[in-house]
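Working notes for the structure below.
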Amino acid sequence: MNPLRLRVFVLFAAVSAAVFIRLGIWQLSRRHERRAHNAVIAGRIRETERDAGALPLNDTAGIRFRRVRISGTPDYDHELILAARSHKGAPGVNLLTPVRLVGRDTAVLVNRGWVYAADGATIDEQKFRENDSAFVGFADVFPSPTGASYTGKPTVLARLGADVAARAIPYPIARFYVVALGDS
């Protein structure tokens with residue numbers, strides 16, 4: 001074998017080994033970060049429930065994954081549909097219901113969960129109106145400041161965002177929403 005080719009091969013192997021060792025160290029570092037992040041989330045979800053109406057409705061710092069209870073009047077007339085959501089391979093939607101808080105002009109959106117929809121956007125909303133006025137879940141911030149709704153259907157959302165939700169509801173909404181847990 002040519003000595004130059006051998007040197008190039010050994011150099012390439014040494015550099016490759018160093019790169020792969022560094023990538024392994026980086027992966028272990030990411031694993032520790034992820035575990036710490038997951039521990040924070042698990043701790044917040046295990047906390048005792050807080051009243052969502054007592055939370056600052058326009059300040060989202062530290063609110064993610066806090067366990068909350070929200071009581072008020074669900075406004076089914078202004079319910080939003082988050083379309084094109086799948087569950088175990090089936091098409092469906094998520095129902096986002098504004099809940100009017102007692103003594104406040106601001107409402108909090110409650111993601112009441114997934115519902116089967118053959119086309120991934122259309123359901124009979126009347127079937128899913130419940131008498132519940134209290135929901136238990138965890139708080140989350142809107143995934144994006146901008147969202148998208150379908151043309152001509154402002155209450156059917158393609159992507160959830162604070163702006164598109166605020167445009168579709170005729171009164172102020174909180175800067176966070178609640179994901180209901182369990183059977184609501």
Check whether any side-chain heavy atom of [X] lies under 4.5 Å from a side-chain heavy atom of [Y], and answer yes or no.
X: F128; Y: I123; value: yes
X: V164; Y: T146; value: no
X: Y177; Y: V110; value: no
X: R5; Y: F9; value: no
X: R67; Y: R50; value: no
X: R69; Y: V136; value: yes
X: F176; Y: D140; value: no
X: I81; Y: E125; value: yes

Roughly how far, to the nearest 0.5 Å, is the [atom2] atom of [Y] from the [atom1] atom of [X]?
X: N111; Y: L96; atom1: CG; atom2: CG; value: 5.0 Å
X: L23; Y: R30; atom1: CG; atom2: CZ; value: 13.5 Å
X: L80; Y: K153; atom1: CG; atom2: NZ; value: 14.0 Å
X: D75; Y: R100; atom1: CG; atom2: CZ; value: 6.5 Å

So, for [X] and [Y], which heavy atoms are closest and what is the spacing to 0.1 Å?
X: Y116; Y: A90; answer: CD1-CB, 4.3 Å
X: I173; Y: A165; answer: CD1-CB, 3.7 Å
X: S71; Y: A134; answer: OG-CB, 3.8 Å
X: E130; Y: Y76; answer: O-OH, 2.9 Å
X: F135; Y: P74; answer: CE1-CG, 4.2 Å
X: A107; Y: P98; answer: CB-CB, 4.2 Å

request  = Determine, using the 4.5 Å side-chain heavy-atom cutoff (strictly less than), whether V93 and F142 are members of one ILVMFWY cluster.
outcome  = no
message = Taking V99 as the starting point, is it possible to reach V141 by hopping between hydrophobic residues whose side chains are less than 4.5 Å apart?
response = yes
Please determine which of [options] meets the side-chain contact (heavy atoms from CB on, under 4.5 Å) test together with [X].
X: V115; options: D124, L95, N94; result: L95
X: L109; options: T97, I169, I70, V179; result: I169
X: L101; options: D51, V108, T106; result: V108

Does [X] reach the main-chain N or O of [Y] with its side chain, forming a donor-acceptor pair under 3.5 Å?
X: R85; Y: A83; result: yes
X: S16; Y: F12; result: yes
X: R46; Y: I41; result: no

task = Indicate yes or no: does D77 engage R129 in a salt bridge with an N to O separation below 4.0 Å.
result = yes
request  = Using the ring of F138 (Phe, Tyr or Trp, six-membered ring only), decide whether R44 places NZ or CZ under 6.0 Å from its centre and within 45 degrees of its axis.
outcome  = no
inquiry  = Please verify the inter-ring angle class for Y171 with H78; under 30° counts as parallel, over 60° as perpendicular, anything in between as tilted.
reply    = perpendicular
